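Single-structure report; data block below.
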Amino acid sequence: MAEQQIKVAVLGGGSFGTALSSIAADNGAQVRQWMRDAALVEQINREHRNGRYLPDYAINEAVHASTDMQAVLEGVELVLIAIPSKAFRQVVQAARQWLRPEQILVSTTKGIESDSFMLMSQVLEQETGFAHIGVIAGPNLASEIADKQLTATVVASADAETRTRVQQVLSCGYFRVYASSDRHGVELGGALKNIYAIAAGMAAALGMGENTRSMLMTRALAEMSRFAVAQGANPMTFLGLSGVGDLIVTCSSSLSRNYRVGYAMGEGRTLKQAVDALGQVAEGVNTVKLVCAKASEIGVYMPLAEGLERVLFQGVPAKQMASGLMTGEQSSDVEFVLPRAEVQKAHRDTPNSQTTGDPQ
């Protein structure tokens, strides 16, 4: 007896949602993709192309796009939600009446909700109360996935069925899906790395070298994991694809939207000019402000994020932020090996000959 074809819904007409729709269809799923833009729907169904976000990508002809959310969601087993964080809750609320508790809901959005400081999977949980909730995150530049470049991602959920189903639906010859049970850590990694991609873009535009970029990424990883662990995540998660993997690609690639915003500002453009030139959502801009406020509230040391916030929103020159990295406290390298508090105590207990004077 032939295996039944799985039905998948993708909410969102952006580049990543479009790439995932096509991968699922390539793997034999019946895929429906929802978006608000009727002209884009018509183009995808007629030309099998998303001219706005992935103009050169041939979408699998089995993908059917629609503006009718009910038609897209009815009878599907897996729902991938690829909506920017700003509109995420609104779209989930609109979809709620057609969602069922047995469905698997997976967020692909790397962002944090402004008003609540909730991650997108937490929004899903709050709005639906469903058991099968997960996230996808990793070094996943959509244009490279569209070119069928070898790529890996992570599906994270406490629910084994969610992890397994996503692996079955999306794994293929060029897209590999690894599993994690630390949904919070994976999702925070995906959201936080956007901040540091902006800083890396600025550093590149200012002509800083490979040593600087390496230092920036490594200290960013320390900062990300410090913040995430304070929020209940597992520090080991940051050794994986959604931590160091995603950080490397977004801090190194001109294909990264957040990197491009930082690069434009490093060249002297204002934040508004940089964002307008991009023409797409750069989640890191919103995330910087939210994370700095939360770090201040819970007492987490985040000098890079705080320096970037001053550049983005207070008019501090980007070069000043870069030099600030060299004048902050010199603490431990990996604080889960050597705690910062221990290094700080050693500094307090050890006289500094430059300030106390050498004994004669």
Side-chain angles (χ1 to χ4, degrees), residues 1-50 59-84 87-109 120-136 145 153 155-172 175 177 179 183:
M1 190 171 152
E3 200 174 302
Q4 196 177 0
Q5 188 181 35
I6 185 173
K7 294 178 180 175
V8 177
V10 177
L11 304 184
S15 51
F16 194 51
T18 298
L20 291 182
S21 293
S22 199
I23 288 173
D26 284 349
N27 282 346
Q30 183 183 315
V31 184
R32 304 175 197 145
Q33 186 177 6
W34 174 86
M35 58 200 76
R36 287 196 179 97
D37 188 337
L40 199 52
V41 163
E42 203 267 334
Q43 182 185 44
I44 289 172
N45 290 335
R46 188 184 74 250
E47 301 175 23
H48 312 294
R49 192 172 64 88
N50 184 331
I59 299 167
N60 186 303
E61 293 184 12
V63 174
H64 178 75
S66 175
T67 57
D68 182 343
M69 193 177 280
Q70 181 179 1
V72 166
L73 290 171
E74 229 158 38
V76 303
E77 183 180 334
L78 171 64
V79 184
L80 302 173
I81 303 142
I83 300 288
F88 193 94
R89 185 183 292 271
Q90 180 192 0
V91 170
V92 172
Q93 286 172 340
R96 178 65 186 90
Q97 61 186 305
W98 298 297
L99 297 173
R100 303 183 322 281
E102 63 272 19
Q103 286 175 320
I104 294 168
L105 308 181
V106 178
S107 165
T108 74
T109 301
M120 299 304 105
S121 71
Q122 293 172 318
V123 173
L124 279 175
E125 235 167 14
Q126 189 181 66
E127 290 293 339
T128 68
F130 291 0
H132 305 299
I133 287 176
V135 298
I136 290 174
I145 297 169
T153 197
V155 57
S157 177
D159 173 50
E161 185 184 337
T162 297
R163 298 192 302 264
T164 304
R165 205 42 145 169
V166 171
Q167 287 182 302
Q168 290 170 341
V169 169
L170 294 178
S171 294
C172 66
F175 194 68
V177 184
R183 193 185 82 195

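Given the structure is predicted, the values throughout are model-derived calculations rather than measurements. Quick note: residue numbers are just sequence positions, from 1.
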Please examine the side chains of His64 and Asn45, heavy atoms only from C-beta on, and report whether any two atoms are closer than 4.5 Å.
yes
Hey, does the side chain of Glu77 reach the backbone of Val8 with a donor-acceptor pair shorter than 3.5 angstrom?
no
Decide yes or no for Ile44 and Met35: does some side-chain heavy atom of the first lie under 4.5 Å from some side-chain heavy atom of the second?
yes
The side chain to side chain contact (heavy atoms under 4.5 Å, CB included) partner of Ile23 among Val31, Ile145, Val169 is Ile145
Which atom pair, heavy atoms only, marks the closest approach of Arg163 to Ala179?
CD-CB, 4.0 Å
Considering all heavy atoms of both residues, which atom of Ser21 and which atom of Val10 are nearest to each other, and what is their separation?
OG-CG2, 3.2 Å
Mind checking whether Lys7 and Arg32 have side chains closer than 4.5 Å, heavy atoms only?
yes
Report yes or no: do Gln126 and Gln122 form a side-chain donor-acceptor pair below 3.5 Å?
no
Run the side-chain contact (heavy atoms from CB on, under 4.5 Å) check on Arg183 and Ile133 step by step: do they pass?
CA-CA 9 Å; Arg183 193 185 82 195; Ile133 287 176; 3.7 Å; yes
Sub-4.5 Å side-chain heavy-atom contact between His48 and Val63:
no
Report the C-alpha distance between Val91 and Arg36 in whole Å, list the side-chain angles of each, state the deciding distance to 0.1 Å, and finish with yes or no for side-chain contact (heavy atoms from CB on, under 4.5 Å).
CA-CA 10 Å; Val91 170; Arg36 287 196 179 97; 3.7 Å; yes
Apply side-chain contact (heavy atoms from CB on, under 4.5 Å) to residues Met120 and Val135 and explain how you reach the verdict.
CA-CA 8 Å; Met120 299 304 105; Val135 298; over 6 Å; no
Can you tell me how far the OG1 atom of Thr18 sits from the CG atom of Leu40, to the nearest 0.5 Å?
7.0 Å
Find the distance between OG (Ser157) and CD1 (Ile136) and round it off to the nearest 0.5 Å.
11.0 Å
Are Ile83 and Trp34 side-chain neighbours, meaning at least one heavy-atom pair lies under 4.5 Å?
yes
OG1-CG distance between Thr109 and Leu80, expressed to the nearest 0.5 angstrom
10.5 Å
For the backbone of Ala87 and the side chain of Gln90, can you confirm whether one donor and one acceptor N or O come within less than 3.5 Å of each other?
no
Gln168 and Ile6: side-chain contact (heavy atoms from CB on, under 4.5 Å), yes or no, with the steps?
CA-CA 10 Å; Gln168 290 170 341; Ile6 185 173; over 6 Å; no
Can you name the closest pair of heavy atoms from Asp68 and Ser66 and give their distance?
N-OG, 2.9 Å
Does the side chain of Leu20 come within less than 4.5 Å of Phe175's, by heavy atoms?
yes
Using 4.0 Å as the upper bound for N to carboxylate O, is an ion pair formed by Arg96 and Glu127?
no
Please answer whether the main-chain N or O of Ser15 pairs with a side-chain N or O of Asn50 as donor and acceptor at a distance below 3.5 Å.
no
Nearest 0.5 Å please: distance from the CG atom of Leu105 over to the CZ atom of Arg100.
10.5 Å
Tightest non-hydrogen contact, residues Cys172 and Asn27, listed as CB-OD1, 3.6 Å
Pairwise side-chain contact, Leu124 with Phe88, heavy-atom cut-off 4.5 Å (strictly under)
yes
Residue from Thr162, Thr153, Val155 passing side chain to side chain contact (heavy atoms under 4.5 Å, CB included) with Gln167
Val155
dist Glu125:CD -> Ser107:OG (nearest 0.5 Å) comes out at 12.0 Å
Reported CD-to-NE2 distance for the pair Gln103 and His132, which is rounded to 0.5 angstrom
10.0 Å
